[in-house]
Visitor: 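So that we are looking at the same thing, I have put the structure below in structure tokens.
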Amino acid sequence: MFIANELRKKNIAEYLLYMWQVEDTIRAFDCSLTRIKREYVERFDYNEEQKEEEIDWFGNLIRMMNQEGCRERGHLQINKVTMQTLIELHTQLLASPKFPFYNSEYYKVLPFIVELRNRGANKEENEIETCFNSLYGVMMLRLQKKDISPDTAHAVKEITTFIGMLSDYYKKDKEEGLKFE
């Protein structure tokens, strides 16, 4: 919860990837709040009040995962809404002549997106979702200390730059409001 709150303020892309990881962490503990408390939260250097807040947060996420039918796979509605917000911002940025650098970065990354989407199971997936899925997949491979091909590393580097730019525009829009016309 504490990490999620900080990330949400600073970098929406990192926040979303973190929340996907939290969903998978919950699944790894079989959606058991008792196990998460004992085997996960206890490892952190939190005081008792912070531990209780963190446990409550995990409990709420578990409840939502049960209600929304994503105990085994998929994403929570709160994460889907965040993704949809980023997709809408992406569409607005592309449609506006005021963001040529964003457009340029998008077209630089587009061949990687097309290739990744063609390899993936869901060919109808939105481009931004494809970017996030590739970033998350590589993040998981790195956590497992698995090799990443040079081509994949290059694609992920470009996608990271692009998604970072989208994240920066998201933050600017929340703080100042972007003018698209």
Side-chain angles (χ1 to χ4, degrees), residues 1-93 120-122 125-146 148 156 159-178:
M1 175 187 86
F2 302 107
I3 295 169
N5 289 341
E6 271 311 298
L7 287 175
R8 186 164 185 98
K9 288 182 232 168
K10 292 190 329 196
N11 187 315
I12 196 65
E14 288 180 11
Y15 164 79
L16 191 55
L17 291 169
Y18 176 76
M19 289 303 295
W20 286 5
Q21 189 177 15
V22 167
E23 290 169 340
D24 282 343
T25 298
I26 290 169
R27 290 180 188 112
F29 288 103
D30 299 319
C31 297
S32 166
L33 187 57
T34 304
R35 284 192 60 206
I36 289 170
K37 178 181 178 180
R38 184 181 63 237
E39 298 172 38
Y40 188 72
V41 174
E42 287 297 325
R43 297 186 334 198
F44 295 101
D45 189 26
Y46 294 148
N47 63 39
E48 288 308 310
E49 184 180 328
Q50 289 172 320
K51 283 180 185 176
E52 287 305 314
E53 284 181 57
E54 191 82 352
I55 292 162
D56 286 348
W57 183 67
F58 272 104
N60 286 329
L61 292 175
I62 291 168
R63 182 182 45 76
M64 289 188 297
M65 288 173 78
N66 286 327
Q67 289 172 343
E68 296 174 21
C70 57
R71 275 181 68 99
E72 294 178 26
R73 72 181 57 83
H75 298 296
L76 288 165
Q77 194 61 37
I78 56 172
N79 296 330
K80 289 179 184 177
V81 168
T82 300
M83 177 63 74
Q84 188 57 41
T85 301
L86 288 171
I87 290 168
E88 289 166 8
L89 177 60
H90 165 72
T91 302
Q92 290 176 301
L93 290 166
N122 185 357
E125 177 179 79
N126 180 279
E127 295 165 337
I128 300 302
E129 288 176 283
T130 299
C131 289
F132 273 88
N133 283 327
S134 67
L135 292 175
Y136 189 73
V138 168
M139 185 174 87
M140 291 296 103
L141 289 173
R142 286 183 175 143
L143 285 172
Q144 297 167 23
K145 299 189 183 336
K146 293 190 177 173
I148 297 157
V156 166
I159 289 169
T160 299
T161 301
F162 172 64
I163 293 298
M165 191 178 275
L166 178 61
S167 187
D168 290 345
Y169 279 123
Y170 174 89
K171 185 175 180 184
K172 186 171 181 159
D173 190 40
K174 291 292 172 209
E175 291 172 354
E176 305 167 22
L178 292 174

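Counting begins at 1 with the first residue of the sequence.
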Visitor: If every non-hydrogen atom of Tyr18 is compared with every non-hydrogen atom of Leu7, which pair is closest and at what distance?
Guide: CB-CD1, 3.6 Å
Visitor: Nearest 0.5 angstrom please: Glu49 CD to Glu53 CD, how far?
Guide: 5.5 Å
Visitor: For Lys51 and Phe44, work out which heavy atoms get closest and say how close.
Guide: CE-O, 4.1 Å
Visitor: What do the steps show when you test Phe58 against Tyr40 for ring-ring contact (aromatic ring centres under 6.0 Å, His included), and what is the final call?
Guide: CA-CA 11 Å; Phe58 272 104; Tyr40 188 72; 5.8 Å; yes
Visitor: Quick one, Val81 and Gln84 - any side-chain contact, counting heavy atoms below 4.5 Å?
Guide: no
Visitor: State, yes or no, whether a side-chain contact exists between Ile148 and Val156 at a heavy-atom distance under 4.5 Å.
Guide: no
Visitor: Please give me the minimum heavy-atom distance between Thr85 and Tyr170, naming the atom from each residue.
Guide: CG2-CE1, 3.8 Å
Visitor: Can you list the steps and then say if Leu86 with Ile163 is a side-chain contact (heavy atoms from CB on, under 4.5 Å)?
Guide: CA-CA 10 Å; Leu86 288 171; Ile163 293 298; over 6 Å; no
Visitor: Just do the side-chain contact (heavy atoms from CB on, under 4.5 Å) check on Trp57 and Val22 with the steps written out, would you?
Guide: CA-CA 11 Å; Trp57 183 67; Val22 167; 4.0 Å; yes
Visitor: How far does CD1 of Ile128 sit from CD of Glu88, to the nearest 0.5 angstrom?
Guide: 12.0 Å
Visitor: Can you tell me if Glu72 has over 12 outside heavy atoms packed within less than 6.0 Å of its CD?
Guide: no
Visitor: Kindly determine whether Lys171 and Asn11 satisfy side-chain contact (heavy atoms from CB on, under 4.5 Å), including the steps that lead there.
Guide: CA-CA 7 Å; Lys171 185 175 180 184; Asn11 187 315; over 6 Å; no
Visitor: Any chance you could measure Leu93, atom CG, to Leu178, atom CG, to the nearest 0.5 Å?
Guide: 6.5 Å
Visitor: Rounded to the nearest 0.5 Å, how far does CD1 of Ile12 lie from CG of Leu17?
Guide: 10.5 Å
Visitor: Residues two or more places apart in sequence or in another chain: which of them pass side chain to side chain donor-acceptor pair (under 3.5 Å) with Glu23?
Guide: His75, Asn79
Visitor: With Lys145, which residues qualify under side chain to side chain donor-acceptor pair (under 3.5 Å), at least two apart?
Guide: none
Visitor: Quick one: closest heavy-atom pair of Asp45 and Gln50, and the distance?
Guide: O-OE1, 4.5 Å
Visitor: Tell me, do Met140 and Gln21 make a side-chain contact under 4.5 Å, heavy atoms counted?
Guide: yes
Visitor: Measure the shortest side-chain to side-chain distance between Trp20 and Met83 over non-hydrogen atoms and say whether it is less than 4.5 angstrom.
Guide: yes
Visitor: Does Lys10 have more than 12 heavy atoms from other residues, nucleotides or ligands lying within 6.0 Å of its NZ?
Guide: no
Visitor: Roughly how far, to the nearest 0.5 Å, is CG of Leu166 from CZ of Phe132?
Guide: 6.5 Å
Visitor: Measure across Arg27 and Arg71 and return the closest heavy-atom pair with its distance rounded to 0.1 Å.
Guide: CG-O, 3.0 Å
Visitor: Are side-chain heavy atoms of Ile36 and Ile55 found at a separation under 4.5 Å?
Guide: no
Visitor: Hey, what do you get for CD1 (Ile3) to CD (Glu54), rounding to the nearest 0.5 Å?
Guide: 7.0 Å
Visitor: So which atom in Ser32 and which in Ile62 form the shortest heavy-atom distance, rounded to 0.1 Å?
Guide: C-CD1, 4.2 Å
